[in-house]
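Just the heavy atoms: all of them, side chains too, but no hydrogens, waters or symmetry mates, feed the values below. Keep in mind that what you see is a predicted model, and the values were worked out from it rather than measured. Proteins get letters first, then strands, A, B, ... in listed order; numbering begins at 1 in each.
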Protein chains: 2
Amino acid sequence: MTAAQRRAQAKEEYDAFLAECPSRQLLDRISDKWVTLVLAALSGEGDPRPLRYSELSRTLAGVSQKMLTQTLRSLERDGLLTRTVTPSVPVTVTYELTELGLSLHRLMGLLKAWAEEHMDEVLAHREAYDAAAGRG
Amino acid sequence: MTAAQRRAQAKEEYDAFLAECPSRQLLDRISDKWVTLVLAALSGEGDPRPLRYSELSRTLAGVSQKMLTQTLRSLERDGLLTRTVTPSVPVTVTYELTELGLSLHRLMGLLKAWAEEHMDEVLAHREAYDAAAGRG
DNA sequence: CAGGATCCCGCTAGATACTG
DNA sequence: CAGTATCTAGCGGGATCCTG
């Protein structure tokens with residue numbers, strides 16, 4: 001069973017490597033379905049504006065309360081946005097991007113640019129591949 | 001139940017929007033755990049070289065056969081790499097990045113750069129947040 | 001209004017075994 | 001060597017109900 005043990009160890013080491021890799025962590029963060037959208041909403045298309053919880057909830061049409069809260073918490077935790085509570089009645093909570101959050105949103109712009117330039121090519125390949133499989 | 005129905009419809013529309021959004025599709029593709037690593041392996045750190053299945057399997061230490069095959073198939077389908085079968089005994093299969101694949105790998109370089117520049121800041125925020133929660 | 005707590009389900013990664 | 005087939009457990013994520 002030495003081979004199996006070696007494989008198991010290699011896997012653990014590799015998982016550890018992946019867990020520590022900064023770019024892997026970044027991918028894990030931005031690949032979250034709602035993170036991108038929260039960022040986009042708060043960035044206001046180049047004119048960053050704070051938004052309330054209910055405004056975000058309306059802007060991100062399909063999001064559940066659980067996911068919205070969870071996403072906002074994790075972004076606050078990572079210092080990408082700030083959460084401000086105004087003790088009025090009823091209480092008002094606003095979210096606003098930090099400079100770090102804006103920086104990340106700018107990075108997303110680069111992804112968007114690449115996607116708009118190349119994704120149609122990718123999709124064309126995909127269709128061609130599927131069509132060939134259908135014939136073959 | 002009209003409210004619930006409206007919510008359900010909003011969700012469907014939003015999911016459709018997400019499914020069609022090119023940048024979302026790009027994120028779904030690159031956020032795959034193994035895609036990044038296959039790309040990196042085949043790019044050879046700036047000196048792109050074709051690799052055999054078994055070579056990839058060894059390079060990506062912890063990957064299962066299923067995941068490796070699945071990843072390679074999807075990347076081939078999207079035109080990011082080519083699969084070449086040499087009918088020797090035993091059969092030899094090599095994988096090589098296309099220009100599109102190289103382009104994507106260059107994009108990953110931008111992500112890497114951002115991550116290396118900012119992820120420590122993110123992680124510092126995270127620790128501070130957790131520490132504050134521990135005290136609160 | 002802005003969440004917290006719970007239950008639950010589908011998806012998928014991964015281990016195992018087999019094949020041309 | 002380069003895969004395919006199958007089975008299963010774990011978990012992300014949504015729906016629902018409840019609260020200050």
Side-chain angles (χ1 to χ4, degrees), chain A residues 1 3-12 14-15 18-19 28-29 31-38 50-77 81-96 133, chain B residues 1 3-12 14-15 18-19 27-29 31-38 50-76 81-95 133 136:
Chain A
M1 285 277 285
Q5 286 177 344
R6 257 190 286 110
R7 259 184 285 125
Q9 188 188 358
K11 184 204 162 185
E12 268 186 57
Y14 222 68
D15 280 355
L18 285 172
D28 286 343
R29 168 127 296 302
S31 67
D32 185 286
K33 188 177 178 180
W34 300 112
V35 163
T36 320
L37 299 165
V38 167
L51 289 177
R52 303 181 54 180
Y53 182 90
S54 51
E55 290 174 316
L56 279 169
S57 182
R58 250 171 283 121
T59 306
L60 278 63
V63 72
S64 68
Q65 296 165 338
K66 176 183 173 181
M67 280 300 104
L68 182 55
T69 300
Q70 193 170 296
T71 303
L72 291 170
R73 284 287 185 282
S74 75
L75 290 177
E76 181 196 4
R77 186 166 102 105
L81 55 76
T82 58
R83 176 175 183 270
T84 310
V85 181
T86 306
S88 52
V89 180
V91 63
T92 304
V93 181
T94 59
Y95 296 90
E96 184 171 12
Chain B
M1 286 278 285
Q5 286 177 344
R6 254 189 288 111
R7 258 183 287 125
Q9 186 186 0
K11 184 205 161 182
E12 268 187 56
Y14 221 68
D15 280 354
L18 284 172
L27 272 178
D28 286 342
R29 169 129 294 304
S31 66
D32 185 285
K33 186 178 180 180
W34 301 112
V35 163
T36 319
L37 298 166
V38 168
L51 289 178
R52 302 179 56 178
Y53 182 90
S54 51
E55 291 174 316
L56 280 168
S57 182
R58 251 171 284 123
T59 306
L60 279 62
V63 71
S64 67
Q65 294 167 337
K66 176 184 172 183
M67 280 300 103
L68 181 55
T69 300
Q70 192 170 298
T71 303
L72 290 170
R73 284 286 186 284
S74 75
L75 289 177
E76 182 196 3
L81 55 75
T82 58
R83 177 176 183 268
T84 310
V85 180
T86 307
S88 50
V89 179
V91 64
T92 305
V93 182
T94 59
Y95 295 89

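Of the candidate nucleotides D:dC1, D:dG13, C:dG3, D:dG13 has the atom nearest to the side chain of A:Asp32. Of the candidate nucleotides C:dG3, D:dG13, C:dG14, D:dG13 has the atom lying nearest to any side-chain atom of A:Met67. You'll find that the side chain of A:Lys33 is closest to D:dG14, out of D:dT4, D:dG14, C:dA15. Closest contact between the side chain of B:Ser54 and the listed nucleotides C:dA2, D:dG3, D:dA2 involves D:dA2.
Between B:Arg52 and the phosphate of D:dC1, there is no side-chain N or O to OP1/OP2 separation shorter than 4.0 Å. For the pair B:Tyr14 and D:dG14, the criterion of a side-chain N or O lying under 4.0 Å from OP1 or OP2 is not met. Taking only side-chain nitrogens and oxygens, B:Trp34 comes nearer than 4.0 Å to OP1 or OP2 of C:dG14. Phosphate contact (OP1/OP2 of D:dT4, side-chain N/O of B:Arg73, threshold under 4.0 Å): present. Residue A:Arg83 places none of its side-chain N or O atoms closer than 4.0 Å to OP1 or OP2 of C:dA2.
Computed from coordinates, the A:Leu72 CG to C:dG3 P distance equals 7 Å when rounded to whole Å. In this structure, B:Gln65 atom CD and C:dT16 atom C1' are separated by 10 Å, rounded to whole Å. Distance CG (A:Leu60) to C1' (C:dA2): 16 Å, rounded to an integer number of Å. Separating the CG atom of A:Leu51 from the P atom of C:dC1 is a distance of 15 Å, rounded to the nearest angstrom. Put simply, OH on A:Tyr53 is 18 Å from P on D:dG20, counting in whole angstrom units. At whole-Å resolution of the value, CG in A:Leu68 and C1' in C:dC1 are 13 Å apart. Taking atom NZ of B:Lys11 as the reference point, atom P of D:dT16 lies 10 Å away to the nearest angstrom.
In this model, no side-chain donor or acceptor of A:Lys66 finds a partner on the base of C:dA5 within 3.5 Å.
Judged by closest nucleotide on DNA chain D, A:Gly62 is the one of A:Gly62 and A:Pro90 placed further toward the 5' end. Along DNA chain C, the nucleotide nearest to B:Val91 and the one nearest to A:Thr92 differ in position, and the one closer to the 5' end is contacted by A:Thr92.
No engagement by A:Gln70 is indicated, since no non-hydrogen atom pair under 4.0 Å with the nucleic acid exists.
Between the side chains of A:Arg83 and A:Thr94, no donor-acceptor pair of N or O atoms lies under 3.5 Å.
Using a cutoff of 4.0 Å between basic side-chain nitrogens and carboxylate oxygens, B:Lys33 and A:Asp15 are scored as salt-bridged.
A:Thr82 is not listed as a side-chain neighbour of A:Glu76, based on a closest heavy-atom distance of 4.5 Å or more.
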>> Between A:Tyr53 and A:Thr69, does the side chain to side chain donor-acceptor pair (under 3.5 Å) criterion hold? Intermediate values first, please.
In response: CA-CA 9 Å; A:Tyr53 182 90; A:Thr69 300; 3.2 Å; yes
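Between the side chain of A:Glu55 and the backbone N or O of A:Arg52 there is at least one donor-acceptor pair closer than 3.5 Å.
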